[in-house]
Amino acid sequence: MASVRIFLPDNSVKTFDHQPTVLEVANRIGPRLAKDTLGAQLNGESDVVDLRTLLPDGSKIKIITIKDAESLQVIRHSAAHLMAQAVQELWPEVKVTIGPVIDAGFYYDFDSARPFTPDDLPKIEKKMQEILARNEDVVREDWPIDKAIETFEKMGERFKAELIRDLAAKGETTVGIYKQGLVWFDLCRGPHVQRMGQIKAVKVLSLAGSYWRGDEKNAQLQRVYATAFNDKKELDEHLKNLEEAKKRDHRKLGKELGLFYFHQLSPGGPFFAPKGALIYNELQSFIREKYREYQYQEVITPQIFDVDLFHQSGHYDNYRENMYFTKVDDRDFSFKPMNCPGHCLLYQAERKSYRELPWRVADFGRLHRYERSGVMHGLNRVRTFCQDDAHIFCRMDQLQAEISQFVTMLNDVYHTLGMDNYLIYLSTRPEKRMGSDEVWDQAEAALADALTALNLPFKINAGDGAFYGPKLDIMFVDAIKRPWQLGTLQCDFNLPRAFDLNYVGDDNKEHRPVMLHRAILGSLERFIGVYLEHTAGHLPLWLSPVQIELLTVTDRQLDFARELASKFNAHGLRVHIDERGEKLGYKIREAQLQKIPYMLILGDKELESKRISVRLSSGKVIESLDIETFTQDVLREINERRLTSFLQPTPTNTNQEAHNSSTI
RNA sequence: GCCCAUGUGGCUCAGGGGUAGAGCACACCCUUGGUAAGGGUGAGGUCGUGAGUUCGAGUCUCACCAUGGGCUCCA
């Protein structure tokens, strides 16, 4: 077969003498480039596409490029130039640095002696609008590199000059210059819009400090965040989502719903109040159920270990600054930051036969990691937490099946939780790594093949793997389209060697197992935070701290309410009676704000008929239900872990979209 | 860890050198009212911690702690 050529965005070409797999491409073209450009799917038939345009056909690689996303990027990048122009027209002394496109918009870093203030944002936006109205042409010129350096230097744009010098050092001889109108220009690779007026919808959002090249030793810069969209409608929708995100902030919901708290005497240490602990424990029970189903065994391992353990595992060398230490009896101990080394000790406790593999051990152990003070954020980043952590020790020939089982289990769990929208990333070998290329080839192929066999699309993060092995990261995309990394599966060639783990094969010889680290929810803490934001606090019944609130119209119904409550209680339902002498409307409002799924209204009518009237948190009211039937229906809803009320028609499931629109 | 901001009753916030305010929540009383806030009374705070300036400090200064937005980090 003819060679296959892959054209890269920087115009270089890589040639393969056979049909390359996507992994080969990723490993060949290098991490940085692949990360920016490769969205890929092994589907065994489709055209090989290159990274610039279309490409050689007959290959088994398909690279998904989303045209819309690309043009949006162009608009945003042009809008970044627009912002720079606006700022310099307002304050000519301000110097420009860089202004890249990011996930939901773009930013530009400025060097300004005077720090920007929030009042400056509307000014900048107004100036941007003025410039847009001029609708100037955007023209590209290619300048000899010396001329470019000289020009920017003369203007005092030392950051730009530095960037161009770097390009010169890489052997570039010309650089792209984009002119907006007659006067203003900037260094850029492009592409850009042809006329400024093509930018239809921009919004300046916020302000932050940053550093030149992200290094705190360098100059402090003023970063202005903004976003741009194809049209006003898209922009408005995005702004609405930002609003919505604020409303859904799990820190706010956690307080309002009485789920968890923080105290300054334990930074990064969440307190789960009774209601929050209920959610925590229900999630654990759910995962335990899945462990039984997927044949994991749960273990319990120590909290504190002699530091020697972490010397042996390598964590001390690589991870020390994130660990807590303590000295007892003149001996150095450490709180475990992860369960794996302990599991290795447990693996060694008994001699393993190949028949015992795969050996899957799960552990809800408490972990402590010292996080730098600036990185903690609600439940998303804490210093003490627990993961739905498990390790699988298996033979190399079992690898693919284990990966496959994990992905199936994850899909199962996410589906039950109403989280069908997720993306899978395969991170491949980094430059600094351990283990032979042969082993890496096998492991990467096992990951890719498992996903392909399950017909799950995935994207390659070339070079993003850990030094000890390749991994899958699962990005859950929530109800307002924000990605969160929750689940992960990591192959590890390091720990089995560090602990000299073996099993006896059918050849009566010792062999080294592969170790897999895996979690589905990630940390329970973080998961609860994410899930609260995904559901805006409207949890499914089985996770609701209070499932049924009993609201009496007058005190005459209190005995009836207590009778009902003990009946529900006996079935294991979580019930609460609002016994306060408030009016019904008042009690309803409170129950509503607490997002309690079922409100039972008890008045004289119900007392006489011995039937109940139910109000859902959606506001829907159903009158005169039979108590026994209601109880059974509610129990069924819980046991089946249903996402919507049995009284509410299930909306059609439109979840699968995400897989087909693997963006980026 | 770095930059900026913030820290006042359980919660949300006002006040800004002369001895602490509101709404909600809470307690009690009146009201027993049918699907998102009935009325009254009351209790509750050494204004994040420590030092300084001042006749006098929630209020000004400094340090520290915590939180928030970013940066960086997340073998």
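Just so it is clear, the values below take in all heavy atoms, side chains as well, and ignore hydrogens, waters and symmetry mates.
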In terms of side-chain geometry, is the basic nitrogen of R429(A) or D441(A) positioned less than 4.0 Å from the acidic oxygen of its partner? yes
Please give, in whole Å, the distance from U67(B) P to K255(A) NZ? 12 Å
Distance under 6.0 Å and angle within 45° of the ring axis: does R223(A) meet both against Y107(A)? yes
Regarding A66(B), can its base be found pairing with the side chain of H263(A) as donor and acceptor, where the two atoms are less than 3.5 Å apart? no
When rounded to the nearest 0.5 Å, the distance separating CD1 of I596(A) from CG of L550(A) is 10.0 Å
Take atom CG of D555(A) and atom P of C30(B), then tell me their distance rounded to the nearest Å. 12 Å
Within 45 degrees of the axis of the six-membered ring of F262(A) and under 6.0 Å from its centre: does K255(A) put its NZ or CZ there? no
Specify the separation, in whole Å, of atom CZ of R381(A) and atom C1' of C71(B). 13 Å
Atom pair distance, as rounded to whole Å: CD in E608(A) and C1' in G34(B): 14 Å
side-chain hydrogen bond (donor to acceptor under 3.5 Å, both in side chains): which pairs involve residues 260-272 of chain A, sequence neighbours left out? none
Would you classify G378(A) as touching base, sugar-phosphate or nothing, given that sugar-phosphate means primed atoms plus P, OP1 and OP2, and contacts are heavy atoms under 4.0 Å? sugar-phosphate
Nearest-angstrom distance, P atom, C24(B) to U61(B): 35 Å
Provide the distance between the two P atoms, one in G69(B) and one in U46(B), to the nearest whole Å. 29 Å
Is Y316(A) touching bases, backbone alone, or none of the nucleic acid, heavy atoms closer than 4.0 Å? nothing
Would you mind reading off the distance between D473(A) atom CG and C74(B) atom P, rounded to a whole angstrom? 14 Å
Comparing nearest nucleotides in RNA chain B, the 5'-proximal residue of the pair D492(A), G268(A) is G268(A)
Roughly how far, to the nearest 0.5 Å, is CG of L472(A) from CG of L426(A)? 6.0 Å
Would you mind telling me which residue lines up with the more 5' stretch of RNA chain B, V375(A) or V553(A), judged by nearest nucleotide? V553(A)
When you measure from the centre of the six-membered ring of Y586(A), is the NZ or CZ of R589(A) closer than 6.0 Å and no more than 45° off the axis? no
When you compare C62(B) with C26(B), how far apart are their P atoms, in angstrom units rounded to a whole number? 42 Å
For atom C1', what is the distance between G44(B) and G38(B), given to the nearest Å? 24 Å
Base, sugar-phosphate alone, or nothing: which one does M376(A) contact when heavy atoms must sit under 4.0 Å apart? sugar-phosphate
Would you say R251(A) reaches G69(B)'s phosphate, i.e. side-chain N/O to OP1/OP2 under 4.0 Å? yes
Heavy-atom neighbours of K620(A) NZ exceed 12 at 6.0 Å: yes
With a 3.5 Å limit on both atom pairs, tell me what G1(B) is paired to, counting Watson-Crick and G-U wobble, or say none. C71(B)
Once you apply a heavy-atom cut-off of 4.0 Å, does D317(A) come out as touching a base, just sugar-phosphate, or nothing? nothing
Identify the nucleotide, in any strand shown, that forms a Watson-Crick or G-U wobble pair with U12(B), with both distances under 3.5 Å; if there is none, say none. A22(B)
Base, sugar-phosphate or nothing for R580(A)? Non-hydrogen atoms, less than 4.0 Å. sugar-phosphate
G33(B) phosphate, OP1 or OP2: any side-chain N/O from T554(A) under 4.0 angstrom? no
Just how far, in rounded Å, is C1' of C73(B) from CZ of R369(A)? 13 Å
Here the distance between atom C1' of C3(B) and atom CZ of R372(A), to the nearest Å, is 13 Å
Whether each nucleotide of nucleotides 35-45 of chain B has a protein heavy atom under 4.0 Å at its base (B), only at its sugar-phosphate (S) or at neither (-) is summarised, 5' to 3', as BBBB-------
Which class fits the ring pair F527(A) and Y531(A): parallel under 30°, tilted 30 to 60°, perpendicular over 60°? parallel
is_close_aromatic(Y347(A), F499(A)), centroid dist under 6.0 Å: no
How far, in whole Å, is U67(B) from C11(B) if one measures between their P atoms? 15 Å
Which pairs, protein N/O on one side and nucleotides 5-10 of chain B N/O on the other, fall under 3.5 Å?
none

Nucleotide paired to A63(B) in any strand shown, Watson-Crick or G-U, under 3.5 Å: U49(B)
Give a yes/no answer on whether the side chain of H377(A) brings an N or O atom under 4.0 Å of OP1 or OP2 in G69(B). yes
At under 4.0 Å between heavy atoms, what does Y468(A) touch on the DNA or RNA strands: base, sugar-phosphate, or nothing? base
Taking a pair to mean Watson-Crick or G-U wobble geometry with both distances below 3.5 Å, C28(B) pairs with G40(B)
Taking a pair to mean Watson-Crick or G-U wobble geometry with both distances below 3.5 Å, G58(B) pairs with none
Under a 4.0 Å N-O cut-off, is there an ion pair linking K246(A) with D249(A)? no
Would you call the rings of H391(A) and H517(A) parallel, tilted or perpendicular, where under 30° means parallel and over 60° means perpendicular? perpendicular
Same-atom distance (P) from G70(B) to G9(B), integer angstrom: 26 Å
Taking only the C1' atom of each, what is the distance from G40(B) to U35(B) in whole angstrom? 26 Å
Between K336(A) (NZ) and A75(B) (C1'), how many Å, whole number? 19 Å
